[in-house]
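Here the structure comes first, spelled out in structure tokens, and everything after it is commentary.
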Amino acid sequence: MARILITSAIPYINGIKHLGNLVGSQLPADLFARYKRGRGDEVMFICATDEHGTPAELAAAKAGKPVAAYCAEMHEVQAEIAKGFRLSFDHFGRSSSQRNHKLTQAFAGKLAENGLIREVSEKMIYSIDDGRFLPDRYVEGTCPNCGYDSARGDQCDNCTKQLDPTDLINPRSTISGSTNLEERETKHLYLMQRSLKDKLEAWIDSKTDWPVLTTSIAKKWLNDGDGLQDRGITRDLHWGIPVKKGDQPWPGMEGKVFYVWFDAPIEYIAGTAEWADANGKADADWERWWRTDKGAADVTYYQFMGKDNVPFHTLSFPATILGSGEPWKMVDYLKSFNYLNYDGGQFSTSRGRGVFMDQALSILPSDYWRWWLLSHAPESSDAEFTWENFQASVNKDLADVLGNFVSRVTKFAKSKLGDVVPAGGDYGPEEAALIADLGARIRAYEACMDAIEVRKAAAELRAIWVIGNEYLQAAAPWSAIKTDPARAEAMIRLSLNLIRVYAILSRPFIPDAAQAMMEAMGSSDWTWPGDVPEALRALPPGHAFTVPENLFRKITDEERADWQLRFAGKRD
RNA sequence: GGCUGGGUAGCUCAGUUGGUUAGAGCACACGACUCAUAAUCGUGGGGUCGGGAGUUCAAAUCUCCCCCCCGCCA
């Protein structure tokens, strides 16, 4: 039994994510976790909310709440929605947890001990009225280059010139609009990534099986221009992890916190510790997933994320781990995704364009979304969501091909042969052919899933569903029952068994429908069909089954038109 | 401006190291079936593989130039 560690990029605490965010990290991670569990592997699947930083503080202020309370509340909201999408995290943690505080401080302490931290004094813009230092993009003013009056502190959107906030003429805070700003000297810690460049490069070069999208981004950051740069890992904020050297104070850094991108990936580890705490486990129980000196040497670690997260996971976080000099588990396979576009444009949080996770669940059950999103995952390039495509896929694949198969088999069986698996006849050549065909298809499906080829796996699964309809059409039990009832009974016995196998194979994609199929077959045996002939005899003659409600309903043209209009983008 | 990825049937996408008439699903047409959610199964039509030039016995696949789209960086 293999041991599989899986983490999904952790969603930012500020607001509800859209379907593009979902399909880029959490959903495919869940698919893989469910598949590996289904195969009998030992899986640890961790996700969390990313809670620190200026945007969280501002969102809390806007909501009129203390930031800690705001984050606690939003964490619950995101946790509920994750449950709604059946995301099967072993733990959904919080980057603001005490576990992460301790661990982040411990990493910083180790890095300092190893001479990889340097202190830098720099001038930053301080807003007296806001009572805070302003990150570059929160300062606006007139561009010294082109005179554009809404240039941001990091760049002028008009002439695209790269700026320093102190270059701006008549600078103002975008938070309050205040012009009561001044430059203040402040001290920050920098992680000396340049000293780790060779180690990082060697590590990345050893990952020959990673997607080009992943390695090309990493190499570009390593080698472009002046190469990998040292990175500030602290900020002048109130909300965050206080800067400490292990459990000791850090002289001169009082009142400062770690930068959100420093502590966020460490939460993968801390989240596993939170899992242990929440389940009454010992430290050894989470350490066996993360410490190669404490049992994690045989763990295979997979990360899932959108392409915008790749630099942090191929360079910054590995720099933290390598720099610590401690035997932490590093990622073995990094699966990155492109973006999902919405109906010819981008999803837009600010303009409310596209479907957000809460809205999606309010109009259709999660399986519908899971199926479409995963079968159209943006793997090789950016992908496109359209309502026409969504309607067509759901209606055809889920309702007509799979749902109708379950319906036609169970209804025929019940009305013609009774409430239990019929006993007559035995499997003949047609059944043997089906079993052989199915076996080959299942192996292809497994290969795609093992390689995390999400779209191809979905296509294989669909083909497996089609096999059932092809068989029924050719075998025609509705004819056989008139002339050779025993043959018809054997056909139906096989078909009912097929439904149970479909439940097992489909569970990673559509867990609720899979559950309904399994329950209708009166079984709870989720054993992966490694031996197909045996799996198709799992429900013996005389075994009771029921006719389930229709697994999926169809999306009407009216609904489609309505939703298209509703999500076109007006949300405040 | 630099870089990644992409531009293949009406739509969403596959096309391994260049090699027989370029594939799948949907949509469309025709046929079969009638157990089933007007579902299913079969057959078929449909593409100068973004444009141009080149290498080769042979290019969607390699080289060069150009044009678009998403994104990242500067």
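The basis for the numbers below is simple: all heavy atoms, side chains too, and nothing from hydrogens, waters or symmetry mates. Protein chains get the first letters and strands the later ones, always in sequence-line order, with residue 1 at the start of each.
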Do A:R86 and A:D512 sit within salt-bridge range, that is, some charged N less than 4.0 Å from a carboxylate O? yes
Qualifying side-chain hydrogen bond (donor to acceptor under 3.5 Å, both in side chains) pairs with a residue from residues 435-445 of chain A, counting only residues at least two apart or across chains: A:R441-A:E460
Without placing hydrogens or testing angles, list every side-chain donor-acceptor pair under 3.5 Å for residues 488-498 of chain A, not counting sequence neighbours.
from	atom 1	to	atom 2	distance (Å)
A:E489	OE1	A:A423	N	3.4
A:E489	OE1	A:G424	N	2.6
A:R493	NH1	A:P422	O	3.0
A:R493	NH1	A:A423	O	3.3
A:R493	NH1	A:G424	O	2.9
A:R493	NH2	A:G425	O	3.2
A:S495	OG	A:M491	O	2.9
A:N497	OD1	A:A538	N	3.2
A:N497	OD1	A:L539	N	2.8
A:N497	ND2	A:R493	O	3.0
A:N497	ND2	A:L536	O	3.3
A:N497	ND2	A:L539	O	3.2

Would you check if the distance from the ring center of A:H52 to the ring center of A:Y12 is below 6.0 Å? no
Determine whether A:F405 and A:Y502 satisfy the following criterion, ring-ring contact (aromatic ring centres under 6.0 Å, His included), listing intermediate values before the conclusion. CA-CA 11 Å; A:F405 176 75; A:Y502 284 176; 5.6 Å; yes
Suppose you measure atom C1' in B:U17 against the same atom in B:C30; what distance do you get, rounded to whole Å? 42 Å
Who passes salt bridge (Lys or Arg N to Asp or Glu O under 4.0 Å) against A:D400, sequence neighbours left out? A:K554
Hits for side chain to side chain donor-acceptor pair (under 3.5 Å) against A:Q193, two or more places apart or cross-chain, chain-then-number order -> none
For every nucleotide of nucleotides 33-44 of chain B, 5' to 3': is a protein heavy atom under 4.0 Å from its base (B), only from its sugar-phosphate (S), or from neither (-)? SSBBB-SBSS--
C1' gap between B:U43 and B:C33, integer Å: 15 Å
B:A24 and B:G15, which share atom name P, separated by this distance in whole Å: 15 Å
Could you check whether the rings of A:F32 and A:F304 sit parallel, tilted or perpendicular, using 30° and 60° as the cut-offs? tilted
Who pairs with A:W387 by side chain to side chain donor-acceptor pair (under 3.5 Å), at least two apart in sequence or on another chain? A:Y342
P atoms of B:U34 and B:A29, separation to the nearest Å: 23 Å
Please confirm whether A:R537 makes a cation-pi placement over A:Y427, using NZ or CZ under 6.0 Å from the six-membered ring centre and within 45° of the ring normal. yes
Please report the distance separating the C1' of B:G47 from the corresponding atom of B:G23, rounded so that it comes out in whole Å. 11 Å
Pairwise C1' distance for B:G7 and B:U20, with rounding to whole Å: 28 Å
Protein-nucleotides 6-12 of chain B N/O pairs under 3.5 Å:
from	atom 1	to	atom 2	distance (Å)
B:U12	O4'	A:N389	ND2	3.0

B:U55 and B:G42: how far apart are their P atoms, nearest whole angstrom? 46 Å
Which of residues 504-523 of chain A sit near RNA chain B, with a heavy atom under 4.0 Å from it? none
Under 4.0 Å between a side-chain N or O of A:R462 and OP1 or OP2 of B:A24? no
List, with names and distances, any nitrogen or oxygen atoms from the protein found under 3.5 Å away from nitrogen or oxygen atoms belonging to nucleotides 15-17 of chain B.
from	atom 1	to	atom 2	distance (Å)
B:G15	OP1	A:K456	NZ	3.2

Dot-bracket, RNA chain B: Watson-Crick or G-U, under 3.5 angstrom, [ ] crossing, | other strand? (((.(((..((((.....[...)))).(((((.......))))).....(((((..]....)))))))).))).
Calculate the interatomic distance between A:F390 atom CZ and B:C13 atom P; express it in whole Å. 16 Å
Given atom CG of A:N341 and atom P of B:G5, what is their separation to the nearest angstrom? 18 Å
Sequence neighbours left out, what passes side chain to side chain donor-acceptor pair (under 3.5 Å) with A:N14? Give chain and number order. none
Heavy atoms only: give me the nearest A:I555-A:L364 pair and the separation to one decimal. CD1-CD1, 3.7 Å
Sequence neighbours left out, what passes ring pair (Phe, Tyr, Trp, His ring centres under 6.0 Å) with A:W371? Give chain and number order. A:W465, A:F509
For the student: nearest non-hydrogen atoms of A:N469 and A:V401, plus distance: ND2-O, 3.1 Å
From OH of A:Y339 over to P of B:C69, roughly how many Å is that when rounded to an integer? 19 Å
Chi angles and distances behind the ring-ring contact (aromatic ring centres under 6.0 Å, His included) call for A:H18, A:F385: CA-CA 12 Å; A:H18 56 62; A:F385 177 92; over 10 Å; no
Could you tell me how far B:U63 sits from B:G5 if I compare only their P atoms? Round to whole Å. 12 Å
Would you say A:K414 has more than 12 foreign heavy atoms packed within less than 6.0 Å of its NZ? no
Ring geometry between A:W261 and A:H313 (parallel below 30°, tilted from 30 to 60°, perpendicular above 60°): perpendicular
